[in-house]
Structure formats: C-alpha cells, structure tokens
S.K.: 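Dumping the structure here so I can ask a few things about it.
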2 protein chains.
Amino acid sequence: MTKGPIEFYFEFGSPYGYFAAQEIDALGAEFDREVLWKPFMLGPAFKTTGSRPFMEVPLKGPYCVKDWERMSAYTGTPWQMPEKFPAAILAAPRGFYWLKDQGKTLSAHKFAKAAYKAYFADARPMWEVEETADVAAECGIDREEFIKAVTSSEAKQRLIEEGQAAIDSGVFGSPFIRVDGEDFWGWDRLPMVRDWLKTGKWG
Amino acid sequence: MTKGPIEFYFEFGSPYGYFAAQEIDALGAEFDREVLWKPFMLGPAFKTTGSRPFMEVPLKGPYCVKDWERMSAYTGTPWQMPEKFPAAILAAPRGFYWLKDQGKTLSAHKFAKAAYKAYFADARPMWEVEETADVAAECGIDREEFIKAVTSSEAKQRLIEEGQAAIDSGVFGSPFIRVDGEDFWGWDRLPMVRDWLKTGKWG
C-alpha cells in the first residue's frame, strides 16, 4: 500500500512554523512519507477565524516571546527575535511556489529552510524583497530572475490561491499538519503526529 | 532542597483541562511535587485576551470537536460531547474552593475529578446547581450544605478573586501549568512539563 504524503502547512512569519520545519523532514523520512511543504499567509486565515497575531494579544504575547526562547534551548534550534515581528513575509512563499512550479522541489525546500533561518535565527529583514533575493542567491538561485518572479502579479495570485485553498480545506494556523485526513495544529502536536505515523490508529 | 508545587490552572468547562486533569496528579507524584488545583473561569480571561470559545470560531471549532474524540482514544479517557457546550460551570469551582478553604483538600480534589467526569464523560448538566450537588453528594459531601455554600455571595466573590489573581499572574487559557516560574499553556505541553520536571533546564 502506498502511504500518502504529510502536508506541512506553514507561514514564513510563524515562529512555531519555524520550529516545526526543523523536524518535519526527518519525521517524513523515518516513516517513509513524502513531505509536501505548503507555505501560506496567515493573515487571511486569521480573518476567517477572527484571530490576531500573538504579539497583539495581552498575556499570550509575553508568554510566546518567552516560549520561543526556551524552545530554542529545548529543541537545539537557533533563535533570535526578529527586529520586526510580526511582519508580512511575502517574497519567500511566492519564491517557493515559483521554484516548485518549475519542478525545482529540492531547490524550493532548500530556499524555504534558508528563508526561515534568515528571519528567525539571523534576524535578517525578510519582509524586504531585496534581502529575500540575497537569501535566494545564497541558495544558488538567479537573483534577478527571483526578483522578477516574486514581484509578478502571477506570483501574487498563486500565493493567494494556495492560501484560500488551505483555508477552504480547514487550515487555520501555523504549523498545520495533515496526514491520512488527520489534522494537527501546532508544533506541540508533533509527538501525536509521530504516534499516528507509527500506529495509524488512536489508542 | 524543597521542590515547589505544580500549579494546575483549569476551567471546569474546558475539554483540554479535563484531559490534562487525568494526568497531572500522576506527573506530580512521579517527580515528588505537590499539585495545586486552581479552578478559574475562562470568561474573564478571554475578555482580557479578546478570545472566544473554540466552538464559536470558524474552522477551529470543528477541528476541536474531532480532536476531543481522538484524544479520548489516544489517552484512554472517557469522552462524550456535553449536551450544552460551552456552558457556564459555576457551582463546581465554587464548591471546590468552599471545600478547600475548610482544609478538605482531598475531598475537593475528589469532587473536582467527579465534576469533570460528570460533564465530559457522562454528559450530565453540570451548569445546574442541583445536578452539581448530586455529584457532590456522590462524593460524600452534604448536599444541602453544598447548595447553600455555592449559591452564597461569599463563594461567588471567592471564585471571582481567584480568577482575577490567575489573570493578573499571566494565566490566559485552560489548562495552564506553572512550575518553578515556567508557564505551560495547553494539554499538548505536558511532555515539555515532564521534561522540565526531569531536568530542571532547557536543552
């Protein structure tokens, strides 16, 4: 029997998505599952659920800031609070789909990981197209082609449609993992994802 | 060195609080920590954070309903969707503090577990004082005294103050676990709580 893929929905501006991104490929490899990376914008999803970014929420904001610090130590993942957070990280997901649509999946994944690291570990201004193009170039992607692509109306439209499809299918947060029709919201559900991959049943 | 207690903040109408309540005492016993049960009302906390009950949130509501079903199988905890949810579960937390303030901590904990089970496993109408008094009586508590206590203005005031103190200290959800100054929000953080209790450090 062919095992279905793990769909990994995430937003490039989401710390919990960043932490999950460090673990998801190894999890897929361990259980022989393809991992489909699916970046989307949380903004429209938050509009649907009436949610606000963590930082704007009293009590939850300070909790999360402290939580990311300790998660870094807990998981061994480099972490540095970005200078601007939250920020609209648009060029990265557009660039991701532009690469993927050309069949350059490996390059798209390499770029996605570099973009996450640039924002959350190296405090680089990933809300800027130029900086994001630098990260792309460091991944061996043509800088000028990248800029042309991510500023095109096609790339904008492509990302909007991916996001709407995600919301329509029930995705409302980042990270959001779907496998065998089971949905898992949040980094802290990775142990439950692992249990599902191992047993294929609950209890 | 004396090890500090585990503060277990929960709301009696919270499914994730119910699931955490099944595990928290064993966790405390395993690491020789006292567990302080601290019921509070989520309503005022939600007002502070601008949150709404899960059921009213598009996408998240249906996700949670399915999640509770599978968590029941995953954790081996009985579960039945209450007839009315969310509901204002007031007599249970008021009764809890009334018992605790008399030094009847064991009785308070026994009653808390019975009240949670009545609402989330047996679909009993725990938003009613009379039904909650029945549950208290089943725990060996005087029924008439219980009713008199939980409908008193003192008991109402006591619960309001406990809730405000919780919010003032940073509590914003249920379950919410505090130990050694570390805060953990959500049932899915229990593995991280365990790791902290085991190592006393991150990473």
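Just so we're on the same page: letters track the sequence lines, and every chain starts at 1.
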S.K.: Using only non-hydrogen atoms and a strict under-4.5 angstrom cutoff, which residues of residues 192-203 of chain B touch chain A?
M.R.: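 If one takes a 4.5 Å heavy-atom cut-off, the residues of residues 192-203 of chain B near chain A are M192(B), D195(B), W202(B), G203(B).
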
S.K.: So which heavy atom on G181(A) is nearest to which on K66(B), and how close?
M.R.: O-NZ, 3.3 Å

S.K.: Heavy-atom count around K113(B) NZ within 6.0 Å, excluding the residue itself: above 12?
M.R.: yes

S.K.: If you look at every heavy atom in T48(B) and P58(A), which pair is closest and at what distance?
M.R.: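 Smallest heavy-atom distance, with atoms named: O-CG, 3.3 Å.
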
S.K.: Are more than 12 heavy atoms from other residues, nucleotides or ligands located less than 6.0 Å from atom CD of E83(B)?
M.R.: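 Atom CD in E83(B) is not crowded, with 12 or fewer foreign heavy atoms closer than 6.0 Å.
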
S.K.: Report which part of E56(A) has an atom under 4.5 Å of a heavy atom belonging to chain B: side chain, backbone, both, or neither.
M.R.: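 Contact with chain B: none, neither part.
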
S.K.: Taking all heavy atoms of D67(B) and all of R189(A), pick out the closest pair and write down the distance.
M.R.: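 That closest heavy-atom pairing would be OD2-NH2, 2.7 Å.
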
S.K.: Using every non-hydrogen atom in the two residues, find where K60(B) and S51(A) come nearest and quote the distance to one decimal.
M.R.: NZ-OG, 4.3 Å

S.K.: For chain A, which residues from residues 155-178 of chain B lie under 4.5 Å away (heavy-atom distances)?
M.R.: I167(B), G170(B), V171(B), F172(B), F176(B)

